[in-house]
Asks: 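I am attaching a structure below and will ask some questions about it afterwards.
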Amino acid sequence: MDSPISSSASLAAPRLRCFDPSSSPNHSPRHFSTSSRNGSMENLTYSEPKIVTGEAGYVLEDVPHFTDYIPDLPTYPNPLQDNPAYSVVKQYFVNMDDTVAQKIVVEKNSPRGTHFRRAGPRQKVYFESEEVHACIVTCGGLCPGLNTVIREIVCGLYHMYGVHKVLGIEGGYRGFYARNTIPLTPKVVNDIHKRGGTILGTSRGGHDTFKIVDSIQDRGINQVYIIGGDGTQKGASVIFEEIRRRGLKVAVAGIPKTIDNDIPVIDKSFGFDTAVEEAQRAISAGHIESESFENGIGLVKLMGRYSGFIAMYATLASRDVDCCLIPESPFYLEGPGGLFEFIEKRLKEHGHMVIVIAEGAGQELVSESLRTTDQQDASGNKLLQDVGLCISQKIKDHFKRKKMVINLKYIDPTYMIRAVPSNASDNVYCTLLAHSVIHGTMAGYTGFISGPVNGRHAYIPFHRVLKEKQNKVVITDRMWARLLSSTNQPSFLDHKDVMEDDKEKVGQTQLVNGKSHLGTTTAKPRDIENREEPPTPLANGINRIEATIAMEKD
């Protein structure tokens with residue numbers, strides 16, 4: 001006999017229904033490319049997004065479900081209703097109509113906007129516990145929390161849903177067809193969250209859609225949990241589409257991973273808090289070294305290929321940093337208002353300084369002979385030169401020409417940061433991610449990632465994450481202004497642009513009391529989001545005001 005369920009979690013028909021992809025003109029197939037059996041490219045039919053619209057501009061970007069392409073599937077009562085751990089929960093099933101708003105700050109008359117289906121357990125599931133055969137794979141670079149996610153998926157399946165068959169796929173995507181598997185049980189994974197890295201091993205590349213799906217089908221796997229960054233989730237998306245094309249009852253779910261915190265839509269990626277915390281150790285070492293020597297400079301390079309979140313948050317948390325350089329905010333070295341001038345000024349004032357630089361910042365300053373713009377790693381990421389070493393040498397050469405003695409210490413903790421175990425905050429977060437994704441797959445959802453949106457965990461379709469640009473620091477919002485205020489560093493606009501601004505009396509920088517960071521009188525400040533003039537290009541072609549400004553995170 002089923003235990004009592006809250007009335008608000010009843011199986012009443014939802015007020016909003018998804019369009020039937022087979023009958024709606026808005027769900028005609030699309031064609032994309034993916035790798036074929038022989039390694040060439042061929043067309044693959046993609047299902048159209050499931051869009052639900054409602055009153056007042058309500059839009060739900062729903063996730064795929066087994067019932068979209070497999071008719072007449074049986075359902076079963078959720079085992080959680082008999083789980084003693086959940087007996088104390090007042091309402092342990094999510095309402096069918098619960099959704100999470102992507103944008104939390106709205107105006108009085110603005111549309112309700114885009115929503116995602118709320119994560120959590122459903123009253124009915126589409127798998128019996130004994131029929132589930134799950135697998136877990138980790139791809140891409142290392143990140144604190146990988147082992148925690150693996151552990152919590154295994155333990156969550158076992159303790160919440162009674163699932164006993166879970167495989168670990170070794171060595172990333174190619175492990176599906178080229179490596180051994182590891183049987184995973186709660187006993188096997190009991191202590192792995194205390195270690196860095198991943199017990200399954202990882203790799204970049206190796207994605208062959210048909211070989212992977214063939215392996216999934218041959219092994220009888222029906223739940224696939226894929227942990228990785230945006231490139232990994234692109235691979236997960238085409239795996240889902242091939243599974244859907246074959247009509248298999250196999251759920252494919254992604255757990256987004258990137259230490260750089262650059263995955264769009266979700267609030268934050270796991271491992272980021274740990275990375276910021278570990279970065280403090282490097283910054284502290286740089287600060288101690290710099291203040292112990294005459295004209296000491298501590299230069300700390302942190303991770304951040306295209307997004308400077310780790311550098312920005314570590315700088316704000318430290319309060320020992322005098323200058324933070326990130327990919328989103330261009331800077332220059334020579335001339336008035338340049339980095340060299342700022343370093344000289346700070347050394348004369350304080351006798352020492354600390355500089356934090358993200359690995360993707362200032363790549364245009366690396367000499368042409370050292371650039372590798374056409375080279376990529378196995379995941380398709382552009383190979384970057386060590387900008388920290390380059391800037392270090394340029395700083396030394398500059399002050400040598402000026403015959404000014406400096407003591408520069410360069411610290412690169414990159415791989416130390418990403419190889420450590422996750423901290424307490426990330427461990428809790430990884431648990432929530434794992435449980436959310438389990439509830440979704442058991443409820444028959446597929447082709448989605450799970451992550452927090454405005455503090456509530458939601459199911460986000462693959463296409464929604466993949467179609468957006470990487471999450472980046474918006475240098476026109478208040479968080480970056482807080483950093484500039486904390487470090488008292490200039491904005492490092494190109495000095496040629498600054499001279500033009502002064503000549504034309506046009507305000508094109510972030511302003512305070514009508515003056516630029518160099519004190520030039522300019523136009524009165526206006527709300528950045530409401531300004532009508534086109535974006536102002538910087539010397540390297542990056543727009544100061546981007547076409548779409550990301551929602552400010554306070």
Side-chain angles (χ1 to χ4, degrees), residues 49 59-63 94 98-105 113-120 138-141 143-146 148-149 152-153 225-237 240 252-276 303-310 312-313 422 425-441 445 447-474 477 479 548-554:
V59 176
L60 168 63
E61 296 201 26
D62 207 356
V63 296
V94 174
D98 282 0
T99 58
V100 178
Q102 181 179 15
K103 187 175 181 180
I104 195 170
V105 178
T114 300
H115 292 65
F116 303 105
R117 191 165 291 280
R118 184 183 176 190
T138 54
C139 305
C143 177
L146 283 170
T148 307
V149 174
E152 295 309 317
I153 291 176
Y225 298 95
I226 301 174
I227 309 170
D230 53 354
T232 300
Q233 301 309 326
K234 288 177 184 177
S237 178
F240 156 70
V252 180
I255 298 91
K257 176 229 67 174
T258 168
I259 199 170
D260 292 345
N261 197 38
D262 58 3
I263 291 181
V265 182
I266 64 173
D267 296 343
K268 180 178 62 175
S269 54
F270 73 83
F272 176 71
D273 282 353
T274 304
V276 172
M303 298 189 80
R305 180 180 293 271
Y306 303 112
S307 303
F309 287 104
I310 293 178
M312 180 176 73
Y313 277 83
S422 52
S425 173
D426 272 323
N427 273 336
V428 173
Y429 180 26
C430 290
T431 301
L432 297 178
L433 281 173
H435 287 190
S436 294
V437 78
I438 290 170
H439 294 317
T441 55
Y445 293 112
F448 71 93
I449 72 164
S450 180
V453 179
N454 291 319
R456 294 284 187 175
H457 282 251
Y459 299 140
I460 306 161
F462 281 135
H463 75 86
R464 187 64 172 80
V465 176
L466 301 180
K467 76 179 183 180
E468 291 202 8
K469 294 181 179 179
Q470 290 175 313
N471 192 25
K472 294 186 177 183
V473 174
V474 181
D477 76 1
M479 185 58 77
T548 303
I549 296 181
M551 182 183 69
E552 182 177 23
K553 303 285 186 182
D554 272 330

Asks: Ring-plane angle category for F309 and F272, please: parallel below 30°, perpendicular beyond 60°, tilted otherwise.
Replies: perpendicular

Asks: Got a second to check how far I227's CD1 is from Q233's CD, nearest 0.5 Å?
Replies: 9.5 Å

Asks: Under the 3.5 angstrom rule, does the side chain of D426 hit a backbone N or O of F270 as a donor-acceptor pair?
Replies: no

Asks: Just so I know, are the side chains of V453 and V265 near enough to count as touching, which here means a heavy-atom distance under 4.5 Å?
Replies: yes

Asks: Can you find a side-chain donor-acceptor pair between Y429 and T148 that sits under 3.5 Å?
Replies: no

Asks: Evaluate the side-chain proximity of I438 to Y225: yes if any heavy-atom separation is below 4.5 Å, no if none is.
Replies: yes

Asks: Specify the closest pair of heavy atoms between P264 and V465, including all atoms of both residues, with the distance to one decimal.
Replies: CG-O, 3.4 Å

Asks: Of the options I266, V105, I104, which is the one that meets N454 in a side-chain contact (heavy atoms from CB on, under 4.5 Å)?
Replies: I104

Asks: Could you measure the distance from the OG atom of S237 to the NE2 atom of H463? Nearest 0.5 Å is fine.
Replies: 9.0 Å

Asks: Test of understanding: with side chain to side chain donor-acceptor pair (under 3.5 Å), list the residues that count as partners of T258, not counting sequence neighbours.
Replies: D262

Asks: Is the shortest heavy-atom distance from the side chain of M479 to the side chain of Y313 under 4.5 Å?
Replies: yes

Asks: Could I get the full list of salt bridge (Lys or Arg N to Asp or Glu O under 4.0 Å) partners for D273, not counting sequence neighbours?
Replies: K268

Asks: Does any non-hydrogen side-chain atom of Y306 lie less than 4.5 Å from one of K469?
Replies: no

Asks: Nearest 0.5 Å, please: how far is OG in S269 from CD1 in I255?
Replies: 13.5 Å

Asks: Report yes if the side chains of T232 and K257 come closer than 4.5 Å at any heavy-atom pair, otherwise no.
Replies: no

Asks: Under a 3.5 Å threshold, yes or no: a donor from one side chain and an acceptor from the other, between D260 and S307?
Replies: no

Asks: Do F448 and V437 have side chains that get closer than 4.5 Å, going by heavy atoms?
Replies: yes

Asks: Rounded to the nearest 0.5 Å, how far does CZ of R117 lie from OG of S450?
Replies: 13.5 Å

Asks: Indicate yes or no for a side-chain donor-acceptor contact from H435 to the backbone of L433 under 3.5 Å, with no hydrogens or angles considered.
Replies: no

Asks: Atom OG1 in T99, atom NE2 in H115: separation rounded to 0.5 Å?
Replies: 4.5 Å

Asks: Let me confirm one number: the CG-CD1 distance from D62 to I460, rounded to the nearest 0.5 Å.
Replies: 12.5 Å

